[in-house]
Asks: 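Dumping the structure here so I can ask a few things about it.
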Amino acid sequence: MAVLLLAEVNNGELALDATAKAVTAAKALGDVTVLAAGGSAAAAGEAAAKIDGVAKVLVAEDASLGHRLAESTAALIVSLAGDYEHIVAPATTDAKNVMPRVAALLDVMVISDATAVVDGATFERPIYAGNAIQTVKSSDAKKVVTFRTANFDAAGEGGSAAVETVGAAENPGLSEWVEDKVAESDRPELTSAGIVVSGGRGVGSEESFAIIEALADKLNAAVGASRAAVDSGFAPNDWQVGQTGKVVAPDLYVAAGISGAIQHLAGMKDSKIIVAINKDEEAPIFQVADFGLVADLFDAVPELTEKLG
Amino acid sequence: MKVLVPVKRVIDYNVKVRVKADGTGVDLANVKMSMNPFDEIAVEEAIRLKEAGKADEVVAVSIGVKQAQETLRTALAMGADRAILVVAADDVHTDIEPLAVAKILAAVVKEEEPGIVLCGKQAIDNDMNATGQMLSALLGWSQATFASELDIDGDSAKVTREVDGGLQTISVKMPTIVTVDLRLNEPRYASLPNIMKAKRKPLDEKTAADYGVDVTPRLEIVSTTEPEARAAGIKVDSVDDLIAKLKDAGAV
């Protein structure tokens, strides 16, 4: 049984962490063929060929596939779908854009955000913002699945899969890329960072987020935020950790001024060690924290930054 | 231009979710239900398009149980002009899968011929994040997911999307499907006079069979369980104590 895995490719470069984690999930289903698609994708394909457990790599390069536009990317995947029983991807915003479209074109359901593979047709996934875990069994001939990367370890390197080139499908010409506004940052990427420092509504303003960022920089950590902080305009949306934002599972997660709403916990409760700093000792975040410090974050966070390292 | 807005009746986001003892799902009997929060944002955006003179009619549609009428009345009270209820289940615990919902919506689109469909990016019950993309696939239309800005200009629309690395702006051909993200707008509250007025707005009732769509699920629910709870940790007294504990644990 064969698996087609859509690699995460950003501007021609392979997002190794997300792709390698999806490979780990996909290996349980069969032989993994990775599809690297984009305006330029050859280098990404070469990088994917080195991931342990990858049997084959397909490279599709075409201007119409640039910027991962959903219509042309879905058309490409459907054109290749005949040979595969599973079509999978890491659950990134790109894949969540494309994979349901692929599923509908194949007249099958999509299984989003799978957190475990039970067997070739059966998967676990969180529902209700992670308040329940549902095991679902697909009766479809083809299974279209996205994997929540925080739940899988990245496959190692050392493979040497064969790389083939495939042509793009006909461009439906429905959409065009205009521009990207990518946050310029030297910090590690949020979903793959080993340490994440997040601020919540308690931080109080966009300016005050500087103390969260200072601690993050001291720890070489990514910066996160609760939905409340994002909604209040203290932090950009791509920092949002939670059910409607990013799901992270770092070795250390520091939550400052975050009360611990269910929707936030859904995005970080698989972290190895959780530290909570909050002046409200009743805050629900303390129920999931390994180490809780009841303190004003405006005192404790700068003190922590100063005394570390 | 007509705007179609699908809305879903879901458990209110403030209600604590309880898994049913028999593992078939989440208990929804006698629980407060509301409009999916992302769909509220879609309704708001549709009304703003009408207020800006870019749309002339806003039609809300809901697919599910008969009680979804209340959800449609909420959309009408916010400012939608009329509503369509497609009854596809009897039991409030039956969740119609995104694929079947998309097929029914595709049939509604063929009848109503909207210029744009505005969907919430995901429903907060099954968290599938699929219906808009699937509808777009079935219609062969363009799609723009996770929108935080929408600017319709004649036969195309510029949409700014919330993606992993930041923001992406794309231009899509009309007609199109847009799924909306949190920061697109802040939905209004319905005023009491508008709630009263909404009771007299037209609400058509149909069934899935009227559209010839088979809603049999493709995914069998094997079990539903509570997530594993984290063991409670300890409180530390000071920043120094915290740093000592983190060093012991090898975390810093």
Side-chain angles (χ1 to χ4, degrees), chain A residues 10 69-71 74 92-94 96-97 100-101 103-105 108-110 112-113 122 126-140 174-183 219 231 237-238 243-244 251-252 269 273 275 287-294 300 303-304 307-308, chain B residues 11 17 19 26 97-99 102 122 124-130 133-134 136-138 140-146 148 158 162-173 181-183 218-227 230 232-236 239-240 242-243 245-246 249 251-252:
Chain A
N10 297 320
L69 293 170
E71 301 88 348
T92 58
T93 47
D94 270 357
K96 287 176 169 185
N97 187 32
R101 190 175 180 101
L105 291 171
V108 304
M109 254 302 284
V110 66
S112 308
D113 277 318
T122 315
I127 56 172
Y128 289 89
N131 280 289
I133 307 295
Q134 200 152 61
T135 303
V136 293
K137 184 176 181 183
S138 170
S139 58
D140 286 318
L174 292 167
S175 60
E176 278 172 37
W177 173 80
V178 178
E179 65 172 339
D180 285 334
K181 278 192 196 141
V182 178
L219 290 167
D231 272 0
N237 192 55
D238 50 300
Q243 182 71 3
T244 53
D251 295 327
L252 174 62
K269 66 184 167 55
I273 294 178
V275 170
Q287 291 164 21
V288 300
D290 299 282
F291 305 119
L293 177 62
V294 180
E303 188 185 341
L304 190 55
K307 288 184 175 170
L308 277 169
Chain B
I11 197 165
V17 168
V19 173
V26 162
E97 287 177 350
L99 181 62
Q122 78 193 68
I124 62 165
D125 51 3
N126 65 33
D127 285 323
M128 205 58 105
N129 187 339
Q133 296 91 313
M134 288 187 142
S136 175
L138 297 176
W141 288 11
S142 61
Q143 73 178 51
T145 51
F146 325 140
S148 62
K158 219 183 205 185
E162 304 266 3
V163 294
D164 283 339
L167 299 171
Q168 180 191 54
T169 303
I170 59 171
S171 169
V172 291
K173 267 194 187 157
D181 215 323
L182 279 181
R183 295 203 294 182
R218 305 292 185 85
L219 303 180
E220 178 203 340
I221 295 165
V222 179
S223 67
T224 311
T225 55
E226 300 266 1
R230 270 186 89 92
I234 54 163
K235 289 262 170 71
V236 294
V239 169
D240 292 327
L242 175 61
I243 291 172
K245 292 279 192 307
L246 288 175
V252 292

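Throughout, a chain's letter reflects where its sequence line sits, starting with A, and its residues are numbered from 1.
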Asks: Check whether Asn10(A) gets within reach of chain B through its side chain, its backbone, both or neither, counting any heavy atom under 4.5 Å.
Replies: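 No part of it gets close to chain B.
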Asks: Within a strict 4.5 Å, meaning less than it, do heavy atoms of the Ile124(B) and Tyr128(A) side chains meet?
Replies: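 No, side chains not in contact.
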Asks: Show the nearest heavy-atom pair for residues Asp238(A) and Gly166(B), with the distance to one decimal.
Replies: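 Closest heavy-atom pair between Asp238(A) and Gly166(B): CG-CA, 3.9 Å.
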Asks: Show the nearest heavy-atom pair for residues Val110(A) and Leu219(B), with the distance to one decimal.
Replies: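 Scanning both residues, the minimum pair turns out to be O-CD1, 4.1 Å.
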Asks: Any donor-acceptor pair under 3.5 Å linking the side chain of Thr93(A) with the backbone of Asp164(B)?
Replies: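 Checked: pair present.
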Asks: Taking side chain as everything from C-beta outward and backbone as N, CA, C, O, which of these in Leu219(A) sits under 4.5 Å from a heavy atom of chain B? Side chain, backbone, both or neither.
Replies: side chain
Asks: With a 4.5 angstrom heavy-atom cut-off, which part of Ile133(A) approaches chain B: side chain, backbone, both or neither?
Replies: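 When you check distances to chain B, atoms from both the backbone and side chain of Ile133(A) fall under 4.5 Å.
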Asks: Counting only non-hydrogen atoms closer than 4.5 Å, does Glu71(A) touch chain B with its backbone (N, CA, C, O), its side chain (CB onward), both, or neither?
Replies: side chain
Asks: Does any heavy atom of chain A fall under 4.5 Å from the side chain of Ile221(B), the backbone, both, or neither of them?
Replies: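 Both parts, heavy atoms under 4.5 Å.
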Asks: Identify the residue among Asp290(A), Val294(A), Leu293(A) that makes a side-chain contact (heavy atoms from CB on, under 4.5 Å) with Val236(B).
Replies: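 Filter result, single survivor: Leu293(A).
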Asks: Looking at every non-hydrogen atom in both residues, tell me the closest pair between Asp127(B) and Ala129(A) and how far apart they are.
Replies: OD2-N, 2.8 Å
Asks: Would you say Ser139(A)'s side chain and Arg218(B)'s backbone share a donor-acceptor pair under 3.5 angstrom?
Replies: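 At least one qualifying donor-acceptor pair exists.
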Asks: Would you compute the distance between atom CD1 of Ile234(B) and atom CZ of Phe291(A) and round it to the nearest 0.5 angstrom?
Replies: 5.5 Å
Asks: So which part of Ala300(A) gets closer than 4.5 Å to some heavy atom of chain B, the side chain, the backbone, both or neither?
Replies: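 Backbone plus side chain of Ala300(A), per the 4.5 Å heavy-atom cut-off to chain B.
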Asks: For a 4.5 angstrom cut-off between non-hydrogen side-chain atoms, does Gln122(B) reach Ser112(A)?
Replies: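 Of all side-chain heavy-atom pairs linking Ser112(A) with Gln122(B), none is under 4.5 Å.
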Asks: Going by the rule salt bridge (charged side-chain N to carboxylate O under 4.0 Å, His left out), which residues pair with Glu162(B) if we only count those two or more places apart in sequence or in a different chain?
Replies: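 Scan of Glu162(B) (salt bridge (charged side-chain N to carboxylate O under 4.0 Å, His left out), adjacent residues dropped) gives Arg183(B).
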Asks: When only pairs under 4.5 Å are counted, which of Thr92(A), Asp180(A), Thr135(A) shares the most heavy-atom pairs with chain B?
Replies: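 Between Thr92(A), Asp180(A), Thr135(A), the count favours Thr135(A).
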Asks: For Ala251(B), is it the side chain, the backbone, both or neither that has a heavy atom under 4.5 Å from a heavy atom of chain A?
Replies: both
Asks: When you check the side-chain N and O atoms of Asn97(A) and Gln143(B), is any donor under 3.5 Å from an acceptor?
Replies: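 A pair is found: one side chain offers a donor N or O, the other an acceptor, under 3.5 Å apart.
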Asks: Is Val163(B) close to chain A through its backbone or its side chain, or both, or neither, when contacts mean heavy atoms under 4.5 Å?
Replies: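 Both parts, backbone and side chain.
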